[in-house]
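Here is the structure we will look at.
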2 protein chains.
Amino acid sequence: MTPNPVQAPDVFRAIADPTRRAILGLLAEQALSVGDVAERFEMSRPAVAKHLKVLSDGGLVEVEVRGRSRINRLNAAPLADIAGWLARFEGFWDDKLTALKQEVEGENDQ
Amino acid sequence: MTPNPVQAPDVFRAIADPTRRAILGLLAEQALSVGDVAERFEMSRPAVAKHLKVLSDGGLVEVEVRGRSRINRLNAAPLADIAGWLARFEGFWDDKLTALKQEVEGENDQ
DNA sequence: TATAAAAGAAACCAAATGGTTTCATATTGG
DNA sequence: CCAATATGAAACCATTTGGTTTCTTTTATA
């Protein structure tokens, strides 16, 4: 009967949009109110508020109601779902990119 | 001249759809023709073909034309872009989830 | 050489997405 | 208390998305 469709909060969908990824980048630096986030983008506040809703539906943003403003705070934990999914494919990355990745990680031998 | 606008092949968008993620999982096991992929899903072949196009636009699938059939092969390399983006946030993951991720990674060999 | 198989292409559709503007509500400060 | 502030909510819109069906083209093969 599939009793609870419940709409799996889709973190993959949440990060699909570049604006939302930029918002996450902002929130990684500091928690911000809706208005403060909106100031940094060339779109209306309601548009930004919708993006924030998608992000909080995906569990990536937590909202602290503080008087008349809502403070949006990054919760990166759900990104682990994506990392977990990616891990399946790590064996398929080609040598060049594996090397690049290792360089980035500071593991430069040979 | 900005010679090649080239439409940044959006790998984030490519993996946003669960059907497309499932297709990538299939192709990780073996390269498949369009029809072979479509057989595994409860949707029409053209629908699957469209998903494959999004994946190849995102660089995640390479097509080898072989007679009248097109063999679709996983190219996981662009997933490194996602891994790179994720790396920014690794400092924000809590210990429990880091442990979970490592567990998932360990399952690969079994 | 017909015919069947594999896929592409096009037209179409409903729903979701990403944006807008306008209005309503709650909270704070003077 | 009243005005300004911060946000939510609703209505609306255009485009994209994810799917369909139907038709065409290409290629292999009996």
Side-chain angles (χ1 to χ4, degrees), chain A residues 2 5-27 30-74 78 82, chain B residues 5-27 30-75:
Chain A
T2 322
V6 125
Q7 170 64 316
D10 192 346
V11 66
F12 285 90
R13 189 210 149 199
I15 67 159
D17 183 272
T19 299
R20 287 195 288 270
R21 292 198 298 277
I23 290 174
L24 290 179
L26 267 181
L27 297 183
Q30 56 180 327
L32 292 170
S33 70
V34 177
D36 285 344
V37 175
E39 266 179 7
R40 270 109 167 159
F41 291 89
E42 297 200 335
M43 68 180 71
S44 68
R45 186 190 51 71
V48 168
K50 283 189 191 178
H51 282 304
L52 284 167
K53 175 153 197 321
V54 174
L55 289 169
S56 77
D57 285 349
L60 289 168
V61 159
E62 277 162 6
V63 183
E64 174 198 350
V65 178
R66 202 167 159 71
R68 64 187 158 183
S69 77
R70 269 73 172 174
I71 306 304
N72 299 274
R73 182 165 282 110
L74 173 68
I82 297 184
Chain B
V6 128
Q7 164 68 318
D10 193 347
V11 66
F12 286 90
R13 189 211 150 198
I15 67 160
D17 183 271
T19 299
R20 287 196 288 270
R21 292 197 298 277
I23 290 175
L24 291 179
L26 267 182
L27 297 184
Q30 56 180 325
L32 292 170
S33 70
V34 177
D36 286 344
V37 175
E39 265 179 8
R40 269 108 167 160
F41 291 89
E42 298 200 336
M43 68 181 70
S44 68
R45 187 188 51 72
V48 169
K50 283 190 193 178
H51 282 304
L52 285 167
K53 175 154 198 319
V54 173
L55 288 170
S56 79
D57 284 351
L60 288 167
V61 160
E62 277 162 5
V63 183
E64 173 198 352
V65 178
R66 201 166 160 71
R68 65 186 159 185
S69 76
R70 269 73 170 171
I71 307 303
N72 298 274
R73 183 165 281 109
L74 173 68
N75 174 23

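When reading the values below, keep in mind they use all heavy atoms of this one structure, side chains included, and skip hydrogens, waters and symmetry mates. To find a chain, count down the sequence lines: A is the first, B the second, and so on, and within it residues start at 1.
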Short side-chain N/O contact from [X] to OP1 or OP2 of [N], under 4.0 Å:
X     : N      : value
A/R66 : D/dA6  : no
A/S44 : C/dG19 : no
B/S69 : D/dT27 : no
A/R13 : C/dA16 : no

Provide, to the nearest angstrom, the distance between the [atom1] atom belonging to [X] and the [atom2] atom belonging to [N].
X     : N      : atom1 : atom2 : value
B/L55 : D/dT17 : CG    : C1'   : 14 Å
A/F12 : C/dT17 : CZ    : P     : 16 Å
B/K53 : C/dA10 : NZ    : C1'   : 14 Å
A/L52 : D/dT7  : CG    : P     : 10 Å
A/D10 : C/dA16 : CG    : C1'   : 13 Å
A/D17 : D/dT17 : CG    : C1'   : 14 Å
A/E39 : D/dT7  : CD    : P     : 10 Å
A/R20 : C/dG18 : CZ    : C1'   : 9 Å

Nearest to the side chain of [X], heavy atoms from C-beta on, is which of [options]?
X     : options               : result
B/V34 : D/dA9, C/dA7, C/dA9   : C/dA7
A/M43 : D/dA6, D/dG19, C/dG19 : C/dG19
A/A49 : C/dA4, C/dG18, D/dG8  : D/dG8
A/H51 : C/dG19, C/dA7, C/dT27 : C/dG19

Between the base of C/dA7 and the side chain of B/R45, is one N or O donor paired with an acceptor at under 3.5 angstrom? yes

Check: D/dT7 base within 3.5 Å donor-acceptor of A/R70 side chain: no

Nearest heavy atoms of [X] and [Y], plus distance in Å:
X     : Y     : answer
B/D10 : A/A16 : OD2-O, 4.1 Å
B/V34 : B/A49 : CG1-CB, 4.1 Å
A/N72 : A/S33 : ND2-C, 3.7 Å

Find which nucleotide of DNA chain C each of A/T19 and B/K50 is nearest to by heavy atoms, and output the residue with the more 5' nucleotide. B/K50

Checking B/N75 side chain against B/R73 main chain: does a donor-acceptor pair fall under 3.5 Å? no

Any donor and acceptor pair, going by atom type alone, linking the side chain of A/R20 with main-chain N or O of A/I15 inside 3.5 Å? no

